[in-house]
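No hydrogens, no waters, no symmetry mates; every other heavy atom, side chains included, goes into these values. Since the model is a prediction, treat every value here as computed from it, not as a measurement.
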Amino acid sequence: MLPSSLDILAIAAHRDDVEQTCGGTLLKAALRGQRTGILDLTRGEMGTRGTAEDRAREAADAAKILGVQWRRALDIPDGRVENTWENRLKVGSVIRETRPRVVILPYWKGRHPDHYTASVLGYEACFLAGLAKVSLSSEASVLSETAPADAQSPLSAGHAQDRRRDAGATAPQDSSGPSLAPHRPFKIIYATLYYDVRPTFVVDISEEFEGKFASIMAYQSQFSDQEAGKDVFPANDEILERVRSMARFYGMLGGVQYAEPFLQKEVGLVEDLLAIPVKSI
């Protein structure tokens, strides 16, 4: 259990998705003293490159680079992320346990079925977590977690602990452990980097770009030159330019050097017209 709630929780299908889509934003928040966390819905066991164990170690390294306070992987099968009642209970229990004010979800369209399913699953789990008559405990959601090692360290350097390895395990409402109080995040936003859609806003990551890229490159099993997947993955010497080009494009939209794109469903509220950023002409 967390000693205090998170300010921001990013939810994604696979280890390395958060680093690519909103890693700079999480790093920026951490540097401001905000408490951030990452929930990976799967362990990445179906990936062309590397193993689930490789990606667990790499995820812990990436999380330290981004300064996140909390990271966990669920036992939803990789390649089979489905919006089921059981999976909504698992994610909902995490929402109640971490009690974030802001949740970042993947955009609801995309090439990979796990990505767009994670978006709808995450939204419905946030709604479910606020229902007082649904009983959830923290034990229902745990597979592996990288937790704070001590008060001085934001993240443990140890390997993630496997607590629930049965990929078919469900999250019963009356599982062991204390019942968690209902909670819904105040804000849900969508990271849109994986899909070509005009964002509602971008976050300036000009000062955090190098840290974002370092967190991506922590996944050496995914982003290094190797025979497996060479027709799908870019060559190692191309990765930096691809990441930089995307960040520069979205930075241009916001009038900064590098940025990450997001979308919100709600109308934005403005109190002072003179304080609206980004020039029109």
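- Note that OG1 of Thr98 and CZ of Arg101 are 14.5 Å apart. Values are rounded to the nearest 0.5 Å.
- In this structure, the ring-ring contact (aromatic ring centres under 6.0 Å, His included) partners of Tyr195, at least two apart in sequence or on a different chain, are Tyr107.
- Annotation for Val81 and Ala118: closest pair CG1-N, 4.2 Å, computed over non-hydrogen atoms.
- Taking a cutoff of 4.0 Å between a charged side-chain nitrogen and a carboxylate oxygen, Asp75 and Arg43 do not qualify as a salt bridge.
- Checked by atom type and distance alone, the side chain of Asn87 pairs as donor or acceptor with a backbone atom of Glu82 at under 3.5 Å.
- Between the Thr42 side chain and the Ala13 main chain, a donor and an acceptor come within less than 3.5 Å of each other.
- Looking at heavy atoms from C-beta onward, Ser137 lies out of side-chain contact with Ser179 at the 4.5 angstrom threshold.
- Annotation: salt bridge (Lys or Arg N to Asp or Glu O under 4.0 Å) contacts of Glu210 (sequence neighbours excluded): none.
- Hydrophobic side-chain contacts under 4.5 Å tie Val202 into a cluster, directly or through other members, with Leu193, Met246, Phe249, Tyr250, Met252, Leu253.
- Residues in residues 21-46 take part in no ring-ring contact (aromatic ring centres under 6.0 Å, His included) pair, two or more places apart or across chains.
- Here the shortest heavy-atom pairing between Ala30 and Gly67 reads CB-O, 3.7 Å.
- The two residues Gln20 and Ile216 make their nearest non-hydrogen contact at CA-CD1, 4.0 Å.
- Salt-bridge annotation for Glu19 and Arg71: present, with a side-chain N of the basic residue lying under 4.0 Å from a carboxylate O of the acidic one.
- Linking ILVMFWY side-chain heavy atoms closer than 4.5 Å, directly or via other members, places Leu121 and Tyr194 in two distinct hydrophobic clusters.
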Show me the donor-acceptor pairs, under 3.5 Å and distance only, between side chains in residues 273-281 and residues at least two apart or in other chains.
none

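- Val120 shares a hydrophobic cluster with no other residue; no ILVMFWY side chain has heavy atoms under 4.5 Å from its own.
- Side-chain contact between Pro100 and Asp7: absent, with no pair of heavy atoms (C-beta onward) separated by less than 4.5 Å.
- At least one side-chain heavy atom of Leu240 sits under 4.5 Å from a side-chain heavy atom of Phe213.
- Atoms CZ and CD1, from Phe127 and Ile188 in turn, are 10.5 Å apart once rounded to the nearest 0.5 Å.
- For Leu39, the side chain to side chain contact (heavy atoms under 4.5 Å, CB included) partners two or more places apart in sequence, or in a different chain, are Leu9, Ile11, Leu41, Trp70, Arg72, Leu74, Val91, Val94.
- When the side chains of ILVMFWY residues are joined at heavy-atom separations under 4.5 Å, either directly or via intervening members, Ile239 and Ile205 end up in a single hydrophobic cluster.
- Atom CZ of residue Phe209 and atom CZ of residue Arg248 lie 8.0 Å apart, to the nearest 0.5 angstrom.
- You'll find the side chain of Lys28 reaches within 4.5 Å of the side chain of Val203, heavy atoms only.
- There is no side-chain donor-acceptor pair under 3.5 Å between Asp114 and Thr117.
- Leu105 is not listed as a side-chain neighbour of Ile189, based on a closest heavy-atom distance of 4.5 Å or more.
- Put simply, the side chain of Arg99 gets close to the backbone of Arg96: a donor and an acceptor are under 3.5 Å apart.
- Shown here for Leu27 and Gly211, the closest heavy-atom pair between the two residues is CD2-CA, 3.8 Å.
- Applying the ring-ring contact (aromatic ring centres under 6.0 Å, His included) test to every pair with at least one member in residues 6-32, sequence neighbours left out, gives these pairs: His14-His112, His14-His115.
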Would you mind writing out the side-chain donor-acceptor pairs for residues 258-265 within the sub-3.5 Å range, not counting sequence neighbours?
from   : atom 1 : to     : atom 2 : distance (Å)
Tyr258 : OH     : Arg244 : NH1    : 2.8
Glu260 : OE1    : Gly24  : N      : 3.4
Glu260 : OE1    : Thr25  : N      : 2.8
Glu260 : OE1    : Thr25  : OG1    : 2.6
Glu260 : OE2    : Gly23  : N      : 3.3
Glu260 : OE2    : Gly24  : N      : 2.9
Glu260 : OE2    : Lys212 : NZ     : 2.7
Gln264 : OE1    : Lys187 : NZ     : 3.1
Gln264 : NE2    : Glu266 : O      : 3.2
Lys265 : NZ     : Tyr190 : OH     : 3.3

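- A single hydrophobic cluster is not seen to contain both Ile65 and Val243; linkage of ILVMFWY side chains at heavy-atom distances under 4.5 Å, directly or through other members, places them apart.
- Nearest approach of Thr36 to Val68, heavy atoms of both residues: OG1-CA, 3.3 Å.
- Listed for the Ser119 side chain is a donor-acceptor partner under 3.5 Å among the backbone atoms of Pro106.
- Leu89 is listed as a side-chain neighbour of Leu136, based on a closest heavy-atom distance under 4.5 Å.
- Taking Asp17 as the reference, nothing meets the salt bridge (Lys or Arg N to Asp or Glu O under 4.0 Å) condition, with sequence neighbours excluded.
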Under the side chain to side chain contact (heavy atoms under 4.5 Å, CB included) rule, what do Ile8 and Gln34 come out as? Steps first, then yes or no, please. CA-CA 8 Å; Ile8 304 170; Gln34 297 170 1; 3.7 Å; yes

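- In this structure the side chain of Ser5 never reaches within 4.5 angstrom of the side chain of Arg35, judged on heavy atoms.
- Note: the hydrophobic cluster containing Tyr116 does not contain Ile76 (ILVMFWY, side chain heavy atoms under 4.5 Å, direct or indirect links).
- A donor-acceptor distance shorter than 3.5 angstrom exists from the side chain of Arg55 to the backbone of Arg15, with no hydrogens or angles considered.
- Within the structure, the side chain to side chain donor-acceptor pair (under 3.5 Å) test picks out the following pairs touching residues 196-205 (sequence neighbours left out): Asp204-Ser206.
- Inter-residue side-chain proximity for Tyr219 and Glu58 is flagged as met; some heavy-atom pair is nearer than 4.5 Å.
- What you find for Cys126 and Ile95 is that their closest heavy atoms are SG-CD1, 4.0 Å.
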Residue pair Glu97, Ser93: steps toward the side chain to side chain donor-acceptor pair (under 3.5 Å) verdict: CA-CA 6 Å; Glu97 180 184 352; Ser93 66; 5.9 Å; no

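- In this view, Arg184 satisfies the salt bridge (Lys or Arg N to Asp or Glu O under 4.0 Å) rule with no residue, not counting sequence neighbours.
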